Amino acid sequence: MLFTTLTASAQVGQTGGPKPNQIPNPSPTAQHTNGIGISFVRIPAGSFMMGAGDDDREASAAEKPHHRVAISRPFYLARHEVTQAQWEAVMGSSPYTAQRSNPYYDLPGIAERLRKPTNPATASWNDAQTFIQRLNEREGHGRYRLTTEAEWEYAARAGTTTAHSFGNDARQLGRNAWYGEDFATGSTHPVGQKLPNPWGLYDVHGNVWEWV
């Protein structure tokens with residue numbers, strides 16, 4: 001899960017604002033680390049083509065049509081998914097103590113593979129909202145929230161127009177993402193082990209799905 005701090009907004013089909021291919025790279029000094037060690041990077045304002053085109057045979061109908069979206073204000077986004085250690089620092093308990101609908105969590109050996117401090121915390125959307133509320137209370141403000149779907153895809157693409165943030169060569173996926181394992185025998189992995197995208201964000205491909 002990735003969270004934003006400070007105000008951000010996205011408008012679909014905005015005609016003003018940043019022009020295509022005029023997306024600045026985030027400054028490497030534009031960073032923030034909060035009280036529990038979540039590191040954020042500043043994502044610049046800009047625009048991008050969201051979703052998939054009709055020529056993308058692997059895309060679902062929900063990913064279409066391909067359309068331009070403008071992100072009118074910069075925002076801060078966590079470099080990694082929230083780890084189990086960070087979750088426990090806020091919530092006071094492991095995310096795996098919550099009721100689960102996925103029967104695989106109860107299989108022999110799964111808990112030992114999943115429950116590691118640097119692995120991502122996985123939780124329901126409602127539990128994620130509780131985490132955000134408590135994190136805001138802990139930090140004394142109300143600036144943390146989930147990204148919008150547009151903000152997440154914009155940051156994941158990181159100014160690129162290729163199939164993946166690292167290019168079109170799917171053979172490079174193993175250098176950039178954990179993927180393809182059978183959950184019954186595999187596991188999530190510690191955050192930040194693969195290559196980051198051009199804006200310094202890790203695991204935008206693979207490892208776990210992320211809420212928006």
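Model, not experiment: these values are computed from the prediction.
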Leu135/Asn34 under side chain to side chain contact (heavy atoms under 4.5 Å, CB included): CA gap, chis, key distance, verdict: CA-CA 10 Å; Leu135 181 58; Asn34 72 5; 4.1 Å; yes
From CA spacing to verdict: ring-ring contact (aromatic ring centres under 6.0 Å, His included), Tyr96, Trp87: CA-CA 11 Å; Tyr96 295 101; Trp87 180 279; 9.4 Å; no
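- Atoms OG1 and CD, on Thr83 and Glu88 in that order, are 8.5 Å from each other to the nearest 0.5 Å.
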Asp56 vs His66, side chain to side chain contact (heavy atoms under 4.5 Å, CB included): CA-CA, chis, key distance, verdict: CA-CA 10 Å; Asp56 188 341; His66 206 205; over 6 Å; no
Trace of the side chain to side chain contact (heavy atoms under 4.5 Å, CB included) decision for Thr130 with Met91: CA-CA 9 Å; Thr130 301; Met91 301 292 283; 3.8 Å; yes
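- Thr148 contributes atom OG1, which lies 11.5 Å from atom OH of Tyr154 (distance to the nearest 0.5 angstrom).
- Each of Arg175, Gln172, His205 was compared with Leu195 under the side chain to side chain contact (heavy atoms under 4.5 Å, CB included) criterion, and only Arg175 meets it.
- The closest donor-acceptor contact from the side chain of Lys194 to the backbone of Gly174 lies under 3.5 Å.
- With sequence neighbours excluded, the residues that form a side chain to side chain contact (heavy atoms under 4.5 Å, CB included) with Arg171 are Asp169.
- Tyr179 and Phe166 fall within the same hydrophobic cluster, where Ile, Leu, Val, Met, Phe, Trp and Tyr residues are linked whenever their side-chain heavy atoms come under 4.5 Å apart, directly or through other members.
- Side-chain N or O atoms of Asn136 include one that pairs as donor or acceptor with a backbone N or O of Tyr144 at under 3.5 Å.
- Residues Met50 and Val212 are members of one and the same hydrophobic cluster, defined by side-chain heavy-atom contacts under 4.5 angstrom among Ile, Leu, Val, Met, Phe, Trp and Tyr.
- Around CD of Gln129, the count of heavy atoms belonging to other residues, nucleotides or ligands within 6.0 Å exceeds 12.
- Follow the hydrophobic side-chain contacts under 4.5 Å out from Val191 and you never reach Val204; the two are in separate clusters.
- Evaluation of the side chain to side chain contact (heavy atoms under 4.5 Å, CB included) rule for Asn207 yields Glu81, Pro120, Trp178, Thr188, His189, Asp203 as partners, not counting sequence neighbours.
- Put simply, the side chain of Glu63 gets close to the backbone of Ser60: a donor and an acceptor are under 3.5 Å apart.
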Evaluation steps, side chain to side chain contact (heavy atoms under 4.5 Å, CB included), between Ile43 and Trp199: CA-CA 8 Å; Ile43 306 300; Trp199 287 355; 3.5 Å; yes
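- For the residue pair Glu139 and Gly35, the shortest heavy atom distance occurs at OE2-N, 3.2 Å.
- We find the CZ-OG distance between Phe131 and Ser124 to be 13.0 Å, quoted to the nearest 0.5 Å.
- Remark: Gln133 pairs with Glu137 by the side chain to side chain contact (heavy atoms under 4.5 Å, CB included) rule, at least two apart or across chains.
- Ser187 and Asn119 get closest at one heavy-atom pair: OG-ND2, 4.1 Å.
- The minimum heavy-atom distance between Asn197 and Ala156, with the atom names listed, is ND2-O, 3.2 Å.
- Heavy-atom minimum distance, Leu77 versus Thr147: CD1-CG2, 3.3 Å.
- The two atoms that bring Arg115 and Gln84 nearest to each other are CA-OE1, 3.2 Å, heavy atoms only.
- Under a 3.5 Å cut-off, the side chain of Arg79 and the backbone N or O of Tyr202 do not form any donor-acceptor pair.
- Summarising the geometry, atom CD1 belonging to Ile132 is positioned 9.5 Å from atom CZ belonging to Arg145; distances are rounded to the nearest 0.5 Å.
- Here CG of Leu173 is found 5.5 Å from NE2 of His164. Values are rounded to the nearest 0.5 Å.
- Side chain of Trp152 to main chain of Leu146: no donor-acceptor pair is present (N/O by atom type, distance under 3.5 Å, no hydrogens or angles).
- When all heavy atoms of Pro95 and Ala121 are compared, the closest pair comes out as CG-CB, 3.9 Å.
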